[in-house]
Every structure is written in structure tokens, then in C-alpha cells.
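What follows is one structure encoded as C-alpha cells, with my remarks underneath.
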Amino acid sequence: MDTVYVTLFITKAFFLLTSGSSSCPISCSCTDDNLGRSLLCMETSMGHIPQDLPHDFTKIRIENCHLTEIRHGSFSRVAALEFLWLNFNDITVMNIKSLEGLKNLTELRLQGNKLTSVPWTAFQDTPKLKILDLKHNQLDVLPEHALRHLSALTYLDLSFNRLSIITKDIFTNWPLYQTAGKSWEKEGLVSNVVLALHENPWLCDCRLKGFVEFIRTIATPIILMNSYLKCSGPDYRAGKFFHEIQLKSCMKPEALAPQSNITVPLGANATLTCLVKARPSASIQWMYSQKIIRGFNATQAQVDADTVTSQLLIPSLHLEDRGVYTCTANNFIGNSSANITVHLHSSNFSVSLPPPVPMLSPDESPFIDIRIAKQTVYGVTLEWYAVPENPAETWFTIHFGKYDAPKKEIIHIGPGINSYSVSDLLPLTKYEVCVSLKNHPPREGQCIVFVTGNDISEMEQRERLIHIIVIVCAMVLAVPAGMYACTTEARFNCVARCLDLWKKHRRNGDNLPRGGRQGNFDSLQATSEEGLCRDSEERPKKKGKSEKKVKGGSAAHLY
């Protein structure tokens with residue numbers, strides 16, 4: 001009897017274990033047929049592939065279940081899987097190892113999802129894959145080596161996607177295309193590979209030339225499900241079939257200016273014209289003094305399939321509008337440019353226009369003395385002094401931005417102006433501002449670096465100004481918290497001492513006058529780094545102002 005009970009217990013335990021390993025996920029159904037065990041999940045809010053799927057499934061069909069991704073190793077335990085259907089879900093992401101362990105997979109259907117790209121190297125894990133259905137997705141790119149790991153395919157459906165430009169190399173690099181034809185011919189087989197590429201927005205320009213020619217000559221082992229592929233663009237080819245068009249080879253842009261020199265009256269409008277021939281069409285930009293022009297109106301018109309005319313309208317010409325304008329055209333092959341020189345003449349013949357200011361070499365550039373003249377609400381006002389050769393024609397450039405920013409904002413200032421206000425400064429931010437001649441980089445001594453701080457309460461914020469600290473000492477301003485402005489020549493070993501002194505000064509309390517010139521920079525005076533720092537450390541500990549004579553007889557005020 002004991003033997004019988006033991007045998008029954010083992011049998012029952014084995015049955016429970018076996019049935020447990022073959023359990024069916026909730027809201028799904030499982031069946032057995034001559035193809036093996038199948039899993040069917042339909043219209044269930046699943047969210048993700050169930051974990052711990054039974055290992056004995058040969059077919060899995062999960063459709064309309066709102067799946068959003070196929071994760072790493074989602075089916076790695078189902079090594080027997082041969083058929084995987086995941087149609088009509090919301091799949092947008094397919095992990096590069098999502099098909100790991102599926103060495104027996106022969107059919108993968110992903111119709112009606114939201115895939116914009118596919119990790120084509122994932123098919124290294126599916127060497128027996130024969131059917132791949134990707135129709136009704138959002139694929140817009142097909143890499144050159146996309147089909148490298150799909151050498152066993154007999155059906156590939158890429159229809160109803162967003163493919164616009166692909167190269168014939170995708171198929172000529174396909175191992176199946178290179179070897180299958182010869183092997184099948186040798187073995188006397190008549191099998192073919194069905195390829196579906198219709199209902200994509202093909203852009204029929206020179207970039208599609210190789211693919212269009214390939215489609216026209218396509219033959220065994222590949223046949224098209226629908227050989228009438230249609231162009232969606234450009235506009236003059238929209239709706240035409242591949243067999244109706246002739247495409248030319250791509251061409252680098254050629255930019256040409258019909259008039260390379262024009263003379264226009266002062267105050268009149270000027271229209272600059274540039275002709276660009278390119279395949280495919282080029283993007284066109286106008287530049288003046290190496291800056292892209294954004295303020296003037298530029299228009300484009302198609303002359304023929306390869307030629308575009310671009311016109312730049314310059315309204316009410318000023319003296320500063322004279323010079324060389326450049327039309328630049330770019331496509332994926334290269335770029336080209338054409339220059340147009342604009343000259344002015346005065347309608348009043350008794351008045352002659354001054355000649356354009358020649359570009360100065362750095363050695364000829366005059367000295368520019370820059371300073372922060374006063375503080376405005378949340379900003380500063382710069383002033384500079386220079387003695388150029390032609391003051392009435394000399395333009396300056398302001399370079400302003402955060403100190404470590406790779407590019408600074410550039411502002412051009414016309415003749416006769418020697419000040420500029422910078423507003424909307426951020427608190428606790430390090431800035432650099434430089435002044436140079438137009439079209440020249442800043443030289444040493446033409447920059448000021450400062451840091452803004454804000455230790456005031458919100459209640460006081462509207463009544464008081466942002467406190468500014470200068471971190472390299474070269475100038476001193478009479479401001480509520482003290483402001484140390486600096487040039488780029490100054491030595492940075494002074495920074496820590498200046499900041500420590502300022503912080504100590506704030507901790508000990510500000511015994512500053514609460515009226516008069518407290519909020520102004522009118523008392524700004526220049527000094528040297530050594531003099532300022534030394535004076536800051538050795539100043540008397542009494543309240544009020546102390547003055548120190550500095551180079552040139554000017555005085556620096558410290559609170």
C-alpha cells in the first residue's frame with residue numbers, strides 16, 4: 001500500500017508541475033493543434049508582454065492589446081516559438097535584443113503598429129525568419145545594411161509606411177539577393193521572394209535614381225507585390241509612376257549672381273538676385289559680413305526642375321548697408337556661393353559720399369577704453385572711448401553673454417554712439433562683455449567680466465537693484481554691495497580675495513548711506529588690479545568712504 005500511495009503522490013505532483021508550467025496567461029486562451037501549443041490574446045489591455053510565458057508555445061498571437069514596446073528578451077524563454085503575431089498594437093519601441101533566443105522563429109508580423117524605426121541587427125537572433133510583415137507602420141528610414149541578417153526571407157512587406165528616399169544598395173547588399181538566385185537556379189527551384197514597397201511617399205529626385213532603376217530591372221529571386229510604385233514629390237512629379245520618369249544624377253550647387261556689382265541711390269530699395277542650380281534642391285542663405293541675414297526679406301522662385309532664383313530685398317539703403325553680400329547654397333553633396341557688391345551714390349550731386357571704411361588689421365586697430373558707467377534696474381550701461389581714424393564711419397561690435405558660453409550675442413553699434421545698456425541680467429550669473437571694431441575680434445583690455453548676485457528679499461526687489469560683484473579687479477564702482485569690474489588682462493589670482501572681502505563685508509553689515517548716489521555708478525573710476533586689492537585689504541575699518549589715488553590721478557571709491 002505504501003508503494004501505491006507514493007506512486008500516486010509522485011504522479012499528482014508531476015501533473016501539478018506540468019500543468020503549472022503550461023498555464024495560460026489571464027484573459028488569453030491556449031490551444032493545442034498539429035502545429036503545437038498556441039497562445040491567443042485579443043483586445044486585452046496588456047501593456048507589456050507577460051513574463052514567464054510557458055516555454056512550450058510554438059505560436060503566439062497578441063493583437064489589439066495596447067502593447068507599447070517589445071522589451072529585451074521578451075520571448076527568450078520560449079525557445080520553441082515559430083510564429084509571432086503582434087499586429088494592431090501601439091508598439092513604438094523594439095529593443096535591439098527583443099528577439100533574443102528565438103532561433104526557431106520563422107514568421108514575425110508587426111502590422112498596424114507605430115514603429116518609426118527597427119533595430120535591424122535584432123534579426124541576428126532569428127536566422128530562420130522567412131516572413132517579416134511591417135506594413136502600416138511609420139518607418140521613414142531604411143539603412144543601407146538593413147537586410148544583412150535576413151538571408152532566409154521569402155516575404156518582406158514594407159508597404160504603407162513613410163519611406164521617401166532609399167538606395168538600391170539596400171537590396172544589392174542583401175545576402176539573399178547576391179546568392180539565392182544562383183543557388184535556386186542550380187537546384188532547379190522556382191521559389192521567389194515577395195517584396196512589398198507600395199504606398200510610401202517616394203520623393204522622386206536624384207537621390208532616388210538608383211532605386212528607381214533597380215525597381216525597373218528587378219527580377220528573380222525578387223518579385224514586387226505591386227510594381228506600380230508612385231511618386232509623391234516633388235510637386236511636378238507627384239502622382240507619376242516610376243516607369244514614367246527619368247531621373248538625373250545628383251549635382252553639387254552652382255550659385256551665380258547675374259549682377260556682381262550694383263550701384264543704388266542712398267535711401268532707395270535694392271534687390272539682389274542669385275541663381276542656384278542644384279540636384280537635389282539646395283537650401284539658400286544670404287550673408288553679410290559673415291552673418292546670416294534675418295531682418296531682410298528673401299524670396300525664392302522655381303525657374304525649372306533644377307534651378308531656383310533667390311532675391312534679397314534691402315529697404316531704404318543706409319551707409320552701413322554698403323559692402324559685399326554673399327548668396328550661399330547647400331545640399332548634401334556640397335555648397336557654392338556668389339558675391340554681390342553694393343555701392344551707394346547720393347541723389348544730391350553736391351554732396352559726395354565718404355568712401356567705405358577699409359578693414360583694419362589687428363595692429364592698426366585703435367585702443368578702446370571700456371567701462372561700466374552706471375547700473376540700471378536689473379542691468380548695466382556700458383561706455384567706451386576710442387579714437388579711430390574715421391570717427392564718422394566707425395562701427396563697433398558688442399560681444400555679450402555668459403562668461404563660459406561658446407558663442408556670445410553680437411550687437412553692431414553705429415558711428416557716433418559710445419554707450420549701450422544691457423538689461424534683464426540673471427542673478428548669480430557670471431557675464432562677459434566686450435567692445436571691438438566691427439568685424440574684428442575683441443583684443444586684450446576690451447572686455448569686462450562680472451558676476452551678478454541677489455541677496456535682497458522679494459519685498460525689496462522692486463525698490464533696489466541687483467547687486468553686482470566683479471570677479472577680476474580692475475575697476476571699482478560705488479554700489480550698494482560693491483561692484484568690481486575687470487578686464488581680461490587682469491590676473492585671476494585676485495578673484496578669491498575680492499570675493500572673500502565682499503562676503504566678509506556683507507556679513508559684518510552694510511553701513512552704507514541709504515540715499516544720495518547709492519544706486520548709481522556715477523563715481524566709477526579706473527584703477528589697477530594690485531592697487532585695488534591692496535587698497536581693499538588695507539582700507540581703514542571706519543565707516544564712510546575712503547579714497548585712494550591711482551594711476552592717472554583718478555580716485556576709486558569703496559564703501
Side-chain angles (χ1 to χ4, degrees), residues 255-276 283-303 307-329 336-361 364-366 368 381-400 408-423 434-441:
L256 173 67
Q259 289 182 292
S260 58
N261 283 277
I262 65 171
T263 302
V264 187
L266 182 67
N269 297 340
T271 301
L272 311 185
T273 301
C274 177
L275 290 174
V276 175
S283 62
I284 302 173
Q285 291 179 326
W286 286 90
M287 305 183 74
Y288 175 63
S289 298
Q290 304 305 313
K291 288 192 65 182
I292 297 175
I293 297 174
R294 303 186 189 279
F296 298 152
N297 185 32
T299 59
Q300 287 185 201
Q302 195 82 32
V303 177
T307 308
V308 171
T309 179
S310 177
Q311 292 187 323
L312 178 71
L313 175 64
I314 308 174
S316 185
L317 281 161
H318 295 76
L319 286 176
E320 60 269 19
D321 294 327
R322 293 176 296 171
V324 178
Y325 291 77
T326 302
C327 164
T328 302
S336 176
S337 61
N339 293 332
I340 302 175
T341 304
V342 176
H343 306 276
L344 298 181
H345 70 80
S346 174
S347 57
N348 184 353
F349 293 101
S350 62
V351 179
S352 60
L353 294 175
V357 179
M359 292 287 288
L360 296 176
S361 68
E364 297 172 325
S365 180
I368 299 176
T381 296
L382 306 172
E383 284 187 359
W384 60 90
Y385 175 75
V387 187
E389 192 171 321
N390 297 293
E393 291 295 320
T394 302
W395 281 64
F396 297 94
T397 298
I398 305 289
H399 308 260
F400 175 76
K408 302 289 193 294
E409 181 181 357
I410 294 178
I411 306 100
H412 297 303
I413 305 294
I417 302 173
N418 69 333
S419 65
Y420 181 77
S421 294
V422 178
S423 58
C434 307
V435 178
S436 66
L437 289 185
K438 187 176 180 180
N439 299 328
H440 283 73

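Residues: numbered from 1 along the sequence shown.
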**Request:** Check the side chains of T328 and Q285 for a donor-acceptor pair under 3.5 angstrom, ignoring hydrogens and angles.
**Result:** no

**With sequence neighbours excluded, residues passing side chain to side chain contact (heavy atoms under 4.5 Å, CB included) with V264** = I262, A268, A270, L317

**Request:** For W395, check ring-ring contact (aromatic ring centres under 6.0 Å, His included) against everything at least two apart and list the hits.
**Result:** none

**Item:** Test item: L382 and F400 side chains (from C-beta on) under 4.5 Å apart, heavy atoms
**Value:** no

**Asked** Taking all atoms of both residues into account, what is the closest heavy-atom pair of T273 and P258, and its distance?
**Response** O-CD, 3.4 Å

**Asked** Which pairs, with at least one residue in residues 259-272 and sequence neighbours excluded, count as a side-chain hydrogen bond (donor to acceptor under 3.5 Å, both in side chains)?
**Response** N261-H343

**For S310, side chain to side chain contact (heavy atoms under 4.5 Å, CB included) partners two or more places apart** = I284, W286, Q300

**Fill in**
Only one of I413, I398, T397 passes side chain to side chain contact (heavy atoms under 4.5 Å, CB included) with V435, and that residue is I398

**Message:** Are F396 and Y420 packed together at the side-chain level, in the sense that at least one heavy-atom pair is separated by less than 4.5 angstrom?
**Reply:** no

**Request:** Begin with the C-alpha distance, continue with both residues' side-chain angles, and end with the deciding distance and a verdict on side-chain contact (heavy atoms from CB on, under 4.5 Å) for F296 and L313.
**Result:** CA-CA 6 Å; F296 298 152; L313 175 64; over 6 Å; no

**Which residues share a side chain to side chain contact (heavy atoms under 4.5 Å, CB included) with S283, sequence neighbours left out** = N330

**Prompt:** Excluding sequence neighbours, so at least two apart, what forms side chain to side chain contact (heavy atoms under 4.5 Å, CB included) with A255?
**Reply:** C274, V276, S336, A338

**Asked** Does a donor on one side chain and an acceptor on the other come within less than 3.5 Å for T381 and S421?
**Response** yes

